[in-house]
Amino acid sequence: MSMSTARSFLSEACYGEQELDANSALMELDKGLRSVKLGEQCEAVVLFPKLFQKYPFPILINSAFLKLADIFRLGNNFLRLCVLKVTQQSEKHLEKILNVDEFVKRVFSVIHSNDPVARAITLRMLGSLASIIPDRKNAHHSIRQSLDSHDNVEVEAAIFAAASFSAQSKDFAVGICNKVSEMIQGLDTPVELKLKLIPMLQHMHHDAGLASSSRELLQHLVNSYPSTPMVIVTLHTFTQLAASSLIDIPKQLQLLLQYLKDDPRKAVKRLAINDLKLLAKKAPHLWIRENTQTLCECALTSPYNSLKLGMLSVLATLSGTIAIKQYFNNLTGGSSISPRLTDLVKLAQECCYHSNLAVAAHGVIVLSNIAISCPEKDIVQLEQDTVLGVESLLMLCSQDSSPSAQATLKTALTSLVKLLKSRPHLSQSAVEFLLGQLHLSCDSSRVLMCHALAAIATHLPVLGEGMLGDLVDLYRGASHSSTDKQQELLVSLATVIFVASQSSLSAEVKTVIKQQLENVANGWTVYRIARQASRMGCHEFSSELYQSLRTRVASEHFYFWLNSLKEFSQAEQCLSPVEDGNYSGAMSAIAEALRSYQKGIASLTAASTPLSPLTFQCEFIKLRIDTLQALSQLICTCNSLKTSPPPAIATTIALTSGNDLQRCGRIAMQMKVCMDEFRSLAARYADLHQSSFDADYATLRNVELQQQSCLLVSHAIEALILDPQAASFQEYGNLGSVQTESEYERRMMSVFSRVLEEVEGLTQKHPPVSHLHTGCLCGAVIALLKVPLSFQRYFFQKLQSTSIKLALSPSPRTPSEPIPVQSSQQLTLKVEGVVQHGSTPGLFRKIQSVCLNVTSVLQSKTGPDYKVPLDTKTNEIEQQVEPHNDYFSIQFLLNFSILGTHTVTVEASVVDESGIEWKTGPKTTVSVKSLEDPYSQQLRHQQQQGATQPATQRGAYARF
């Protein structure tokens, strides 16, 4: 049978194509498994991982693994090997096997085969299943027996299985430890077998006694077997055991440093360095000053660059942690030596100028981390040494386009930006150096330097203006060809220019960029530059670029996307000429912007597809439109004080009614409507923030700023007009001290602080309501409009993708058919889910747990209309479950005592590692029909018959 049908079933569904049925795909593969041709059987087996990936729910996975177990039991060794590989590839799906006993029984039957290769494959299969059968005694017994086999293949498989079970089962680890010890110490065990047995001891960490006995054995082996392979394997197992048991890490550090210092063999030293790096990442707080000092001394005396590089990489890891503070704190407490005279600083300074670029890069990392975290004593000289070291390395690498030089350059620039962030006074000279070096560097180096300059200018915008002249000159002569590096350079230089210009590009700069783009840039480069302009608030320029790109795309969806971006940029450009005090001009600008936004939202809706629904973009733009409308309405309301002032008897009415707001006239009610509108907008921004689990931090901060601007306006309305006495400014008092990450955030925070100061000053001096109060509100609106909106990365690009797929059981046979349940019973609703990731899972945040909310609502009643308590009409249950291998399962018990049709809604949300809940969805609904049980139905009929019989008798007597 040809497997093309099965392959087509497992291929990704294209746009507009129906999702294919899981059972149909499994049936197609089952046909391949039952084929008489070995090749087709093997092809069917290896397609199973793709089936699991596409349909990752237990019912299908259980059936599929049972079929694979049959193939394993009845097939030849090659088929068994294919099944083993599939099982190892599908490790995360193993816990979804429902009939574990049956599955293991079919696999385990092969262990009694006379073929040692078949037994070996079975042992490896059992080892791969250790996570779901950790305490199966028959598997434990078979592994122990096979360790005594005379066939090397079977023994190696038994060692693999023993290691797997030791990691999962404490009972097995305790039972096998003595046997492994005897085999390792036995004189009849070959050295090659001992080398394979020793790593098993790294799993003996289930309790302190077991770890201690394993450590004693490893110590004995290190002393008794000094050969290089034995020492390497034993030391590494030693380290893994210490890292798992934690309590022995200080002893292990001393042991590794002793071998690094005293053992002359390079292989052993290299192993010690790798293990030290592992422990530096695992437990940097356990490194005392003596450990770091010993490592420095070894690095200073080592004549080999490869070993020196390894030791420096350990120190680079430590220098960014608490260990570096412990090193200098102990030093200053115990002696009066300057930090510059310590071995660590001497080593870093010496390595900064090393001929080996990788060594020099690590030297720069260590020195810059020391300069950032070092005590204040002698810090000026250390800073100068660090800057000189970085600059010398930059000069050396900037003209070399080789991969090693570029990696070193990137490391040096990263260290420089990190240093300037904590030591801003060094920035001016560093920027001048980078600008000078840009003219002399190769294209790939220029791209990296532009990234560094953009990062520096973002944190220190005061330096941006000084960069602009050099950058424009460089852009003018930047590109003479259309190579990839040249295109990348055009984007990077344009980005730095946008950052330095602070959203106000001059005509000369625009002309220079446009000329270069027309000469050599391709469409993708122009789009990337336009995207950066939108992020930096240069909307006039981005609008022109989007306009030029619209007709250069092949799909109408792309055309509508670019057209919507052009309209949004034009809308924001309409708001740029707004001036302080010109309220009518502001309203005209908002009206013009809203026209463009309405055109843009129509194009954006047309650009969306089922595979790319553009949900975040549409919601963000709708909120922007509603915010602009609310700001316009607020200006109109403020103007109404002039056109419709409070009547002369307003004060009397206020005193009579006891409502102090009446003294303000009709503007008070209008202001209350405005305040409620802004609070509603803030809540919608909060909902958008909570639903954007995959967004980057800058995008989320942008949404937060929009929310805060709405809250600010509502607070200003309340403080100035509605309730000046109750308004509190304490919660807004620390706005000026917040660390900002972008120019847009900096400007928004500045507006917030200024508006709050004005509002606080007015509330203390003048009673409401006067032209001063309305003027303050209009001034706040104009101040917010004058800050160009920033369209952040998530608007254009999704770097992380996370979705949840739910399956409910019982499920109806057809979507429209309700699930029947008797009213006297409760329904057990099982909710299973799978977390699906994109190419970069957990880039910004990871799922800690999934929160499931189940609610049921009565839709229609079929029984008698008795008065029933409200709590029996609905179910509302919420539970949290932690996914394991991206799968979770939970059950809910629901009560449907009222006869009729109920709608059950299951909604999922996720909780990240910080404990923040995100409303990611999905939401699934199912209908349940509550039916009367037979016993209650019989009772009701009897009661009805009993009620009708007396009435019949009375009718008969009445005739006589």
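Heads up: numbering here begins at 1 and tracks the sequence. Just so we're clear, the structure is a prediction, and the values are computed from it rather than from any experiment.
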Hey, does the side chain of T189 reach the backbone of Q185 with a donor-acceptor pair shorter than 3.5 angstrom?
-> no
Below 4.0 angstrom, N of the basic side chain to O of the carboxylate: do K67 and D70 qualify?
-> no
Check: L799 main-chain N/O paired with T840 side-chain donor or acceptor under 3.5 Å = yes
Test ring pair (Phe, Tyr, Trp, His ring centres under 6.0 Å) on F103 and F72 and set out the steps.
-> CA-CA 10 Å; F103 176 67; F72 189 90; 8.7 Å; no
Looking only at atom types and distance, does a side-chain atom of S169 sit under 3.5 Å from a main-chain N or O of F165, one as donor and one as acceptor?
-> no
Tell me, with the steps shown, if R34 and D30 meet salt bridge (charged side-chain N to carboxylate O under 4.0 Å, His left out).
-> CA-CA 6 Å; R34 288 189 270 109; D30 190 38; 3.2 Å; yes
Is any NZ, NE, NH1 or NH2 atom of the basic residue among E182 and K179 found under 4.0 Å from an Asp or Glu carboxylate oxygen of the other?
-> no
Charged N-O contact under 4.0 Å between E102 and R106 | yes
Using atom types as modelled and distance alone, determine if a side-chain donor or acceptor of D912 lies under 3.5 Å from a backbone N or O of R845.
-> no
For the pair Q826 (side chain) and L893 (backbone), establish whether a donor and an acceptor sit closer than 3.5 Å, ignoring hydrogens and angles.
-> no
Backbone of I176 reached by a side-chain donor or acceptor of H140 within 3.5 Å | no
So which of V834, V850, L852 actually passes side-chain contact (heavy atoms from CB on, under 4.5 Å) with L806?
-> L852
Backbone of E907 reached by a side-chain donor or acceptor of K923 within 3.5 Å | no
Should D694 and S801 be marked as a side chain to side chain donor-acceptor pair (under 3.5 Å) after you check the CA-CA gap, both sets of side-chain angles, and the distance that decides it?
-> CA-CA 6 Å; D694 292 320; S801 177; 4.9 Å; no
Give a yes or no on whether the backbone of F896 and the side-chain of S930 come within a donor-acceptor separation of less than 3.5 Å.
-> yes
Working to the nearest 0.5 Å, report the span between NE2 of H112 and OG of S142.
-> 6.5 Å
Is R119 reaching over with its side chain to a backbone N or O of S146, donor-acceptor style, under 3.5 angstrom?
-> no
Can you list the residues that meet the side-chain hydrogen bond (donor to acceptor under 3.5 Å, both in side chains) rule with K96, with sequence neighbours excluded?
-> H93
Do W524 and Y527 make the cut of ring centroids closer than 6.0 angstrom?
-> yes
List the steps, then state whether salt bridge (charged side-chain N to carboxylate O under 4.0 Å, His left out) holds for K805 with D886.
-> CA-CA 11 Å; K805 199 172 180 181; D886 293 334; over 6 Å; no
In plain terms, say whether D275 and K282 are close enough for a salt bridge, that is, a side-chain N and a carboxylate O under 4.0 Å apart.
-> no
Rounded distance [0.5 Å steps], OG in S811 versus CG in L829 = 10.0 Å
Say whether, by atom type as modelled, one donor and one acceptor occur between the side chain of Q168 and the main chain of A130 under 3.5 angstrom.
-> no
